[in-house]
There are 2 protein chains.
Amino acid sequence: MVDKNQELRDKGLRLTPQRQLVLQAVRELGHATPEEVAEKVRSTHPGINLSTVYRNLETLENVGLVQHTHLGHGGATYHAAEELTHLHLVCGKCGSVGDAPIETAASFVNTLIDEYGFKTDVTHFAIYGTCENCTAKS
Amino acid sequence: MVDKNQELRDKGLRLTPQRQLVLQAVRELGHATPEEVAEKVRSTHPGINLSTVYRNLETLENVGLVQHTHLGHGGATYHAAEELTHLHLVCGKCGSVGDAPIETAASFVNTLIDEYGFKTDVTHFAIYGTCENCTAKS
DNA sequence: CTTTTTTCTGCAAGTAGTTTGCAACTCGCA
DNA sequence: TGCGAGTTGCAAACTACTTGCAGAAAAAAG
Ligand SMILES: [Mn+2]
Ligand SMILES: [Mn+2]
Ligand SMILES: [Zn+2]
Ligand SMILES: [Zn+2]
């Protein structure tokens, strides 16, 4: 546990219970909205304020421990940084979120670098479309 | 101008001045947020309400005359449907929005269909990353 | 035309998600 | 142990968008 404390301290952050809980919640939840993170944290520590969750998500993102992604029209969802190794395939019809390895986009990403000098982060926005199921139904 | 009227009537919509103005504004503006559309419309017709703009954008989208795209963390932006022929390359550092032809993504899109049965709409969300300029500066 | 039906508009209020100011607190360090 | 900067809770503010409703105005019917 000294190690785990170090992880945050090494980034120049104070080790508050709230901060540790937010980070832990993000790691356990996979994709989670700030609201969901708050709910998770509160299941064991009821007093924690939603604005504290927002502020910590931002802080943790600034030091690179978490990252946000946009899966839909609404708010962002948060991931532990280590975990961001897949694309999100969001179906506009049914709302399902599928995964695909980032390598799927590798040559597309390379083309954008070569032709536009543009370095894509394919995980930041979802890949939007229609899933197999919904295509079949229509 | 009878033609232009038909365009909306053919879709089963009433021809109100507000609706025509919203459509015209979207066509003239390229990417525009609902707020920007409202501003444009009001420059010639001050009384028009923001909720009327929202409702008309939705209606026009339902009949396929306009479409929305997510360029950033905030709200959606609207395009005339005919015009949606390019990807948006959004730079997270400077906020610039570059364009690239949709064909750039063609083989990526095909891979997703083949391997996941997922039909991508590459224009719905922006392609997020870092532009050439910002990469150079850092 | 005029009447009737139906859709649409403006307005005001409401909601969802997120941010901010501030006083009190507490973590890390001397 | 005590200090100061960083952090928290709380309330209020804010942004983007939606909704209910009553009156206005298109289009359809007569
Ligand atoms: Mn959308
Ligand atoms: Mn973002
Ligand atoms: Zn689906
Ligand atoms: Zn840039």
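The chains referred to below are lettered A, B, ... by the order of the sequence lines, with proteins before strands, and numbering in each begins at 1.
Put simply, the side chain of B:Y78 does not reach to within 4.5 Å of the side chain of B:V53, judged on heavy atoms. The side-chain heavy atoms of A:V66 and A:H79, taken from C-beta on, include no pair separated by under 4.5 Å. Residues B:Q18 and B:R55 are not in side-chain contact: their nearest non-hydrogen atoms beyond the backbone lie 4.5 Å or more apart.
For the pair A:R55 and A:L50, both in contact range of DNA chain C, the more 5′-proximal nearest nucleotide belongs to A:L50. Where A:S51 and B:E35 each meet DNA chain D at their nearest nucleotide, the meeting point lying more 5' is that of A:S51.
If you check every strand for non-hydrogen atoms under 4.0 Å, B:I48 touches sugar and phosphate atoms only. B:A76 comes within contact range of the sugar-phosphate backbone alone, with a heavy-atom separation under 4.0 Å but no base atom that close. Across all strands shown, B:G74 has no heavy atoms under 4.0 Å from either base or sugar-phosphate atoms.
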For nucleotides 28-30 of chain C, give me every protein contact, N/O to N/O, under 3.5 Å, one pair per line with atom names.
from, atom 1, to, atom 2, distance (Å)
C:dG28, OP1, A:R9, NE, 2.9
C:dG28, OP1, A:L15, N, 2.9

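Distance A:N49 CG to C:dA24 C1': 14 Å, rounded to the nearest Å. Whole-Å rounding puts the A:Y54 OH to C:dA16 P distance at 13 Å. Remark: P of C:dT19 and CD of A:E61 are 11 Å apart, rounded to the nearest angstrom. In this structure, B:L21 atom CG and C:dC8 atom P are separated by 16 Å, rounded to whole Å. At whole-Å resolution of the value, NZ in B:K11 and C1' in C:dC8 are 20 Å apart. The distance between atom CZ of B:R19 and atom P of C:dC8, rounded to the nearest whole Å, is 4 Å. The CZ atom of B:R42 sits 14 Å away from the P atom of C:dT9 (whole-angstrom rounding). Here the P atom of nucleotide C:dG17 and the CG atom of A:L57 are 15 Å apart, to the nearest Å.
A donor-acceptor pair is defined here as one N or O able to donate and one able to accept, closer than 3.5 Å; such a pair exists between the side chain of B:R42 and the backbone of B:I48. A donor-acceptor pair is defined here as one N or O able to donate and one able to accept, closer than 3.5 Å; no such pair exists between the side chain of B:K93 and the backbone of B:C134.
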Let me see the working for A:L8 and A:L60 under side-chain contact (heavy atoms from CB on, under 4.5 Å), right down to the final yes or no.
CA-CA 9 Å; A:L8 286 167; A:L60 292 170; 3.7 Å; yes
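Taking the 5' to 3' direction, DNA chain D first and last meets chain B under 4.0 angstrom from a heavy atom at D:dA16 to D:dA27.
A side-chain hydrogen bond (donor to acceptor under 3.5 Å, both in side chains) with B:K40 is found for one member of B:E35, B:E28, B:H45 and no other, namely B:E28.
Relative orientation of the B:Y128 and A:F125 rings is perpendicular, given thresholds of 30° and 60° on the angle between their planes. Ring geometry for B:H68 versus A:H73: interplanar angle over 60°, hence perpendicular rather than tilted (30 to 60°).
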